[in-house]
Asks: 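The structure is given below, and queries will be raised subsequently.
Atoms within a ligand are numbered from 1 in the order they appear, just like the ligands themselves. Bear in mind that the values here come from a model prediction, so they are computed numbers and not experimental data.
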Amino acid sequence: MAAIAVPENTRVFLLDIEGTTTPITFVKEILFPFIRENLEEYLSAHWEEDECKQDVHLLKKQAEEDLRQNKACPVHAVDQTVHTDEEKAIREVVESVLWQMAADRKSTALKQLQGHMWRAAYVTGKIKGEVYQDVVPAIRRWRRGGLKVFIYSSGSVEAQKLLFGYSVEGHLLDLFDGHFDTNIGAKVESKSYENIAERIGCQPEEIMFLTDLAREAKAAEDAGLNVAVVVRPGNTELTGEERSHYRVITSFNQLKLSGNV
Ligand SMILES: CSCCC(=O)C(=O)COP(=O)(O)O
Ligand SMILES: [Mg+2]
């Protein structure tokens, strides 16, 4: 396992979740099926609650935006006004959410609803957030070395806190100085990384971003961040060009800070 030097001026690690701290299989085989299997029942049970109404409102706005941009979808126009026929309205939301999930959309609307749905499953112990074994010791080491650690995931901040708050390794939220989701911008847009640097209060080049996806790595690099691409089982394969361009790691343990941290 080759050691990779972290640039000396690094003050912050910014971590992706799916494919980086956490196996893709946990997201695709546990979290997402939970949504598909419980969606209709969840909406029926919570339909009249403010939180659920806000989630549906956000989904409706997303569907309108998709229509404006001509994004193809058989049924995804969420019509919240059909209150005379609640079942029909719920059915339309279900269709919309399932369509977005089939396309692995990272819309804030979808991610917000998912986070709310997972809450009960985490709190009751039905689901525990999975974290690769090298992650926690490495983060503790970095923190002892004086670095800050933030999460940036397409999953909502609430979903992130559930995953690390109710993890297989216990409550891990003290590992992080903060969390970002798509409210700061999409992970494939470099502006999002500029926004994050500004919000943290450091220069982009003082941040090291770890992600499994080359298109996120490119966006971060374009914004001036240093980047390492994380290769874990089941992650999207990198092209030869990507492999030679980026620092590539298979474990956080490969990252060596100056000063032997
Ligand atoms: C953090 S909650 C579940 C993960 C999720 O919904 C997702 O879209 C993961 O995306 P990431 O940006 O962490 O690769
Ligand atoms: Mg990822």
Asks: Flag E216 as yes if one of its N/O/S atoms falls below 2.8 Å of the Mg ion (ligand 2), otherwise no.
Replies: no

Asks: Check D104 with K106, please: is the shortest side-chain N to carboxylate O separation under 4.0 Å?
Replies: yes

Asks: Using a strict 4.0 Å threshold on nitrogen-to-oxygen distance, state whether E92 and K88 make a salt bridge.
Replies: yes

Asks: Name of the D212 N, O or S atom nearest the Mg ion (ligand 2)?
Replies: OD1

Asks: Does N226 use its side chain to pair, donor to acceptor, with the backbone of V6 at less than 3.5 Å?
Replies: no

Asks: Report the nearest protein non-hydrogen atom to atom 11 (P) of ligand 1: residue, atom name, distance rounded to 0.1 Å.
Replies: D16 OD1, 3.1 Å

Asks: How close does the nearest protein non-hydrogen atom get to atom 3 (C) of ligand 1, and which residue and atom is it?
Replies: L31 CD1, 3.7 Å

Asks: If you have a sec, work out which protein heavy atom is nearest atom 13 (O) of ligand 1 and how many Å separate them, to one decimal?
Replies: S153 OG, 2.7 Å

Asks: With the Mg ion (ligand 2) as the reference point, give the N/O/S atom of E18 that is nearest.
Replies: O

Asks: Tell me, which protein residue and heavy-atom name are nearest atom 2 (S) of ligand 1, and how many Å apart are they?
Replies: A159 CB, 3.7 Å

Asks: Of the backbone atoms (N, CA, C, O) and the side-chain heavy atoms from C-beta on, which set of F164 has a member under 4.0 Å from an atom of ligand 1: side chain, backbone, both, or neither?
Replies: neither

Asks: Can E169 and K128 be counted as an ion pair, charged N to O under 4.0 angstrom?
Replies: no

Asks: Any donor-acceptor pair under 3.5 Å linking the side chain of T182 with the backbone of G185?
Replies: no

Asks: Under a 4.5 Å cut-off applied to non-hydrogen side-chain atoms, are K53 and E48 in contact?
Replies: yes

Asks: Can you list the ligand 1 atoms lying under 4.0 Å from a non-hydrogen atom of K187?
Replies: 11 (P), 12 (O), 14 (O)

Asks: Using 30° and 60° as the class limits, which term best fits the ring planes of H179 and F164: parallel, tilted or perpendicular?
Replies: tilted

Asks: Does some non-hydrogen atom of Y152 fall short of 4.0 Å from ligand 1?
Replies: no

Asks: Working to the nearest 0.5 angstrom, can you tell me the gap between L225 CG and Q203 CD?
Replies: 11.0 Å

Asks: With the Mg ion (ligand 2) as the reference point, give the N/O/S atom of D16 that is nearest.
Replies: OD2

Asks: Ignoring angles and geometry beyond distance, decide whether Q160 reaches within less than 3.5 Å of ligand 1 through its nitrogen or oxygen atoms.
Replies: no

Asks: Of all the atoms in ligand 1, which lie at a distance below 4.0 Å from a heavy atom belonging to I17?
Replies: 1 (C), 13 (O)

Asks: How far is atom 6 (O) of ligand 1 from the closest protein heavy atom, and which atom is that?
Replies: K111 NZ, 2.9 Å

Asks: Under 4.0 Å from any heavy atom of S154, which atoms of ligand 1 are there?
Replies: 8 (O), 10 (O), 11 (P), 12 (O)

Asks: Do ligand 1 and E18 have nitrogen or oxygen atoms that lie under 3.5 Å from each other?
Replies: yes

Asks: Regarding R232 and the six-membered ring of Y132, is the cationic atom NZ or CZ under 6.0 Å from the ring centre and inside 45° of its axis?
Replies: yes

Asks: Donor-acceptor pairs under 3.5 angstrom involving side-chain atoms of residues 244-253: please list them, not counting sequence neighbours.
Replies:
from: S244; atom 1: OG; to: G240; atom 2: O; distance (Å): 3.2
from: S244; atom 1: OG; to: E241; atom 2: O; distance (Å): 3.1
from: H245; atom 1: NE2; to: E221; atom 2: OE1; distance (Å): 2.8
from: H245; atom 1: NE2; to: E221; atom 2: OE2; distance (Å): 3.2
from: Y246; atom 1: OH; to: K218; atom 2: N; distance (Å): 3.4
from: R247; atom 1: NH1; to: V227; atom 2: O; distance (Å): 3.0
from: T250; atom 1: OG1; to: Q254; atom 2: OE1; distance (Å): 3.1
from: S251; atom 1: OG; to: N253; atom 2: N; distance (Å): 3.0
from: N253; atom 1: OD1; to: R141; atom 2: NH2; distance (Å): 3.1

Asks: For ligand 1, which atoms have a heavy atom of F32 less than 4.0 angstrom away?
Replies: 6 (O)

Asks: Determine whether R119 and E158 satisfy the following criterion, side-chain contact (heavy atoms from CB on, under 4.5 Å), listing intermediate values before the conclusion.
Replies: CA-CA 8 Å; R119 190 190 296 135; E158 186 168 0; 2.9 Å; yes

